[in-house]
2 protein chains.
Amino acid sequence: MARATGAKPAGSVTSHDIARLAQVSQATVSRVLRDDPKVRPATRERVLKVLAETRYEPNAAARAFRAGRADSIGVVVARLSYQLYPAMLEAIGAQLARLGRRMIVWDSDHGGDAPAIRALRQGVVDGVILTAATSESEFLREVPAEGSAVVLLNRIVADYASDQVSSDNLDGGRRVAEYLVACGRKRIALIGGIPRASTIRDREQGFRKALDRLGVGLPPHYYFRSENFTHASGEQAVTRLMELASPPDAIFCVNDVLAMGAMDGARGRGARVPDDLWIVGYDDIEIASWGAYDLTTVRQPMEQMVGQAIDLLLARIDAREAPVTHKCLANELVIRGSTGRQSPPAAAAPKKARR
Amino acid sequence: MARATGAKPAGSVTSHDIARLAQVSQATVSRVLRDDPKVRPATRERVLKVLAETRYEPNAAARAFRAGRADSIGVVVARLSYQLYPAMLEAIGAQLARLGRRMIVWDSDHGGDAPAIRALRQGVVDGVILTAATSESEFLREVPAEGSAVVLLNRIVADYASDQVSSDNLDGGRRVAEYLVACGRKRIALIGGIPRASTIRDREQGFRKALDRLGVGLPPHYYFRSENFTHASGEQAVTRLMELASPPDAIFCVNDVLAMGAMDGARGRGARVPDDLWIVGYDDIEIASWGAYDLTTVRQPMEQMVGQAIDLLLARIDAREAPVTHKCLANELVIRGSTGRQSPPAAAAPKKARR
DNA sequence: ACGACGAATGTATACGTAGTCATCATGCCG
DNA sequence: CGGCATGATGACTACGTATACATTCGTCGT
């Protein structure tokens, strides 16, 4: 009675068609497709031949429906225009492709994590990698932590019971502070941002604490909080800082684009980098190594972070109730021309000192 | 007899459960979900209440299975590390989100278009936007042109019967040539690339033809073919060009990253841009406007191109057999500091002259 | 007030796949 | 040579949804 009306994908050959053509049952076709060993070679050949001839492709919806999984992973990134995210996506996509999974991407600028969480609950994706939460609390109420296949990448939310992977941003901030002080910088400034994200908060905090510990400190007028994390913000911030009676001789920017903005802004006002002003960024995006900026920055072990995030996510999909893991990887200070390519004097920054 | 084994998404509430709780039939629940007007307000309320209480989410696989569409669109981009592509993805993602579609992303570096085409044939996605074909012929044999829901964005394959959207790369190249000549540049060079993609070919060809027509021409030693389209290639290319007995006084690079590499390379060898050398890029990626480069370049109407591509794709999904469309949008020369911010003398480049 | 018509709701079904179980074929050993 | 174990295959079913069709309910007109 009921007629199907749904349009099917173009080449609508089903496993039943294959079965008929190969003179076997649909079950056997399914077995061949799933590489079940219990099929006689001759039969397998016959089926494979028909499969090839008909250019059969299994219906993904039916398969997902039956199997209860989509073989897709969702990824939420912040602003795609910030180079770190494309790099991250590229790594995630490559690794997922190798594992036979697809990648559905959302930009958190357009709706935050909600669409991704929704997709997770609908089974569109088997798991979600959240690399940014517009507002941390917003998605907390969306996802009951109950064994959800969610992993936070490059973002820590302490009171949220999901797997989390990040690099040690506190330590990254510390490294920069110790480096600048060890190299004799006297007037050190910080261009930060609205601390929506833990990463930014930690970078700033690690930096400040290290400065305090080293007896340098960060006077309020050497701190500029940018509205967003754009090049224009960096320019604006550096302009303010350079207008001070005693302008800084080194600036740490909590990400590379801010740093590049600061550098362009400083140069635009006639300052020379690094002769008059040192600038340090964070993330080591691709451009940072280009001649025009040649930016000293902190590099996060992106490939490993992505690898661990994916491992954790896939493990959780198989075992929802396993205890959650928080990974925190070490990162690396990359010294380039924006700080005169100058290495810190040996033993100046004792590695053991933390916090 | 047969037992279902597939793991279901966490909150496995079905429309049948809702029906039972709301004392209606499953069909009515479905009607409420699909906003069917033929439901009495009171009934609708009752169902909606239960839906909210149970935090029900429809099973996407079942829905896709039944409806015959996935509500997802596939996008193949070339290298995510080239800033044009994240920008494009951002635009595509935003527009698709507005239309209630998801975006599955593949990087053509890892498998070309094949995975996307496969996904299309399996019904994982309803349509595919191809922004790059590793090899044009490779995917031609994969997709029978038969009303496939495929649109080429920023890529033209003349003999392939699919919808295609691009900007006029021939004209872009022409504009640059005419601009440089009109501004009195005498020794004009070109940094191109391996012409796998029509875009690159057209930019080069438009440029060359215009130079020829203007009686300037492009001598072979002023042409450098880069292996890939990276910053390093640009540096390498400019180094070669500057080693010439008579180095160029202007270089057109077929994309911005090449141009930035060329600029950094030139500066590294002591040349001043624009005083000694003009440099022009193509694409107007975000960095191009930053102080360090301030690059004159050709801007493509990205938002419109994306909009048109999506429109064409969605239209085709509904009408597979409609005649194919090729759209070619005009682009714009953005003059910045890398060419001294110098406008062409009026009437120097007659707009009508083409080819 | 009764019939009739339309609105609202219920019933039943198919979509394509991957399983379970049943059945059939084959080969081996007693 | 027969029976049994093992391997190969077939028959059948459920998954959750959206719809066609059937049925019931409410309302309006005469």
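Just so it is clear, the values below take in all heavy atoms, side chains as well, and ignore hydrogens, waters and symmetry mates. So that the names make sense, note that chain A is the first sequence line, chain B the second, and so on, each numbered from 1.
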Fill in the blank from the handout: Atom CD of A/Q23 and atom C1' of D/dA8 are separated, to the nearest Å, by 17 Å
Exercise for the section: Check the distance between D/dA14's C1' and A/R66's CZ and give it to me in whole angstrom. Expected result: 6 Å
Handout entry: Test log, rule side-chain contact (heavy atoms from CB on, under 4.5 Å), inputs A/V47 and A/L33
Key = CA-CA 9 Å; A/V47 173; A/L33 289 171; over 6 Å; no
Exercise for the section: Could you tell me whether a side-chain N or O of B/R101 sits under 3.5 Å from a main-chain N or O of B/D126, the two making a donor and an acceptor? Expected result: no
Practice task
Report the residue (B/A27 or B/A62) whose heavy-atom-nearest nucleotide on DNA chain D is the more 5′ of the two.
Solution key: B/A62
Practice task
Output yes when at least one side-chain N/O atom of B/Y56 is less than 4.0 Å from OP1 or OP2 of D/dT17, else no.
Solution key: yes
Practice task
Could you tell me whether B/R44 and B/D35 make a salt bridge, using a distance below 4.0 angstrom between a side-chain N and a carboxylate O?
Solution key: yes
Exercise for the section: Answer yes or no: is there an ion pair linking A/K49 with A/E45, defined by an N-O contact shorter than 4.0 Å? Expected result: no
Exercise for the section: Could you check how far CZ of B/R40 sits from C1' of D/dT24, rounded to whole Å? Expected result: 11 Å
Completion exercise
note: A/D35, atom CG; C/dA18, atom C1'; distance rounded to Å ~ 14 Å
Exercise for the section: Determine: side-chain N/O of B/K38 to OP1/OP2 of C/dA7, distance under 4.0 Å, yes or no. Expected result: yes
Handout entry: OP1 or OP2 of D/dC15 under 4.0 Å from side-chain N/O of A/R63
Key = no
Exercise for the section: Rounded to the nearest angstrom, tell me the gap between atom CZ in B/R69 and atom C1' in C/dG16. Expected result: 18 Å
Exercise for the section: Mark yes or no for a side-chain to base donor-acceptor pair under 3.5 Å between A/R31 and D/dG10, with no hydrogen or angle criteria applied. Expected result: yes
Handout entry: Distance in angstrom units between A/D36 CG and D/dG10 C1', rounded
Key = 14 Å
Practice task
Look at A/S30 and C/dT17 and indicate whether a side-chain polar atom (N or O) is within less than 4.0 Å of OP1 or OP2.
Solution key: no
Handout entry: Any donor-acceptor N/O pair, B/T131 side chain to B/V76 backbone, under 3.5 Å
Key = yes
Exercise for the section: Please state whether the phosphate of C/dT17, meaning OP1 or OP2, lies under 4.0 angstrom from any side-chain nitrogen or oxygen of A/S15. Expected result: yes
Problem - Phosphate OP1/OP2 of D/dG10: any A/T28 side-chain N/O under 4.0 Å - result: yes
Handout entry: Residue whose nearest DNA chain C nucleotide is more 5′ - B/F65 or B/Q26
Key = B/Q26
Practice task
May I have the distance from B/R46 (atom CZ) to C/dT9 (atom P), rounded to whole angstrom?
Solution key: 8 Å
Exercise for the section: Give a yes/no answer on whether the side chain of A/S25 brings an N or O atom under 4.0 Å of OP1 or OP2 in D/dG10. Expected result: yes
Exercise for the section: Check every strand shown and say whether A/V29 touches a base, only sugar-phosphate, or nothing at a heavy-atom separation below 4.0 Å. Expected result: nothing
Problem - Value in whole Å for how far the C1' atom of C/dA18 lies from CG of A/D71 - result: 14 Å
Handout entry: Sugar-phosphate only, base, or nothing, as touched by B/R34 at under 4.0 Å among non-hydrogen atoms
Key = sugar-phosphate
